[in-house]
Amino acid sequence: MDVRYTAEHEWVAVQGNLATVGITDYAQGVLGDVVFVQLPEVGASLAKGAVAGVVESVKAASDIFAPLTGTIVEVNSAAIGDPSLVNSDPTGAGWLFKIDMGDASELGLLLDENAYRQITS
């Protein structure tokens, strides 16, 4: 599975034409205890960079952006019901949504692990 990152601290795991999106471990650490998650509706079409949802913590609210253009095919209802999953397992059970990519060439605009590590160190 190919994993990429955005400068806005989202991770994107790509399998075929499907991309699973969440916030990075770095982002959840900066936010602190996540208390609320708002995600896009299944079926919503989003352009790359559009606001897809919100993650609120005890410290701040942070917009979640669509890292790729596409259609939302699934949201993580477990993370909505238990926002602490975003803290305890941000790259696993705390994933946020899945998007059917409309333009796979946009993957080339995302950061690889080394490039992401450089902006967070």
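All of these numbers come straight from a predicted model, not from anything done at the bench.
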Handout entry: salt bridge (charged side-chain N to carboxylate O under 4.0 Å, His left out) pairs, two or more places apart, involving residues 85-105
Key = E74-K98

Practice task
With sequence neighbours excluded, give me every side-chain hydrogen bond (donor to acceptor under 3.5 Å, both in side chains) pair touching residues 60-73.
Solution key: T69-E106

Path from [X] to [Y] over hydrophobic side-chain contacts below 4.5 Å:
| X | Y | result |
| --- | --- | --- |
| F65 | L96 | no |
| I80 | I72 | yes |
| V75 | L18 | no |
| I99 | V42 | yes |

[X]: partners by side chain to side chain contact (heavy atoms under 4.5 Å, CB included), with sequence neighbours left out:
| X | value |
| --- | --- |
| A78 | N76, L85 |
| L107 | V14, L68, M101, L110 |
| S84 | D82 |

Please report the interatomic distance [atom1]([X]) to [atom2]([Y]), rounded to the nearest 0.5 Å.
| X | Y | atom1 | atom2 | value |
| --- | --- | --- | --- | --- |
| Q15 | N17 | CD | CG | 11.5 Å |
| I64 | T6 | CD1 | OG1 | 8.5 Å |
| T24 | E10 | OG1 | CD | 8.5 Å |

With sequence neighbours excluded, what pairs up with [X] under the salt bridge (Lys or Arg N to Asp or Glu O under 4.0 Å) test?
| X | value |
| --- | --- |
| E56 | none |
| E113 | R117 |
| K48 | none |

Fill in the blank from the handout: So ring-ring contact (aromatic ring centres under 6.0 Å, His included) across residues 84-121, not counting sequence neighbours, yields Y5-Y116, H9-Y116

Exercise for the section: Write out all pairs satisfying ring-ring contact (aromatic ring centres under 6.0 Å, His included) with one or both partners inside residues 69-90, taking only residues at least two apart or from two chains. Expected result: none

List, one per line, each side-chain donor-acceptor pair under 3.5 Å for residues 27-36, sequence neighbours excluded.
unit_1 : atom_1 : unit_2 : atom_2 : d
Q28    : OE1    : N87    : ND2    : 2.8
Q28    : NE2    : D25    : O      : 3.3
Q28    : NE2    : D25    : OD1    : 2.9

What pair of heavy atoms forms the shortest contact from [X] to [Y], and how long is it?
| X | Y | answer |
| --- | --- | --- |
| A7 | L111 | N-CD1, 3.9 Å |
| A52 | P40 | O-CD, 2.8 Å |
| V86 | A79 | CG2-CB, 4.5 Å |

Fill in the blank from the handout: Residues joined to V54 in its hydrophobic cluster, side chain to side chain under 4.5 Å directly or through other members, sorted by chain and number, are none

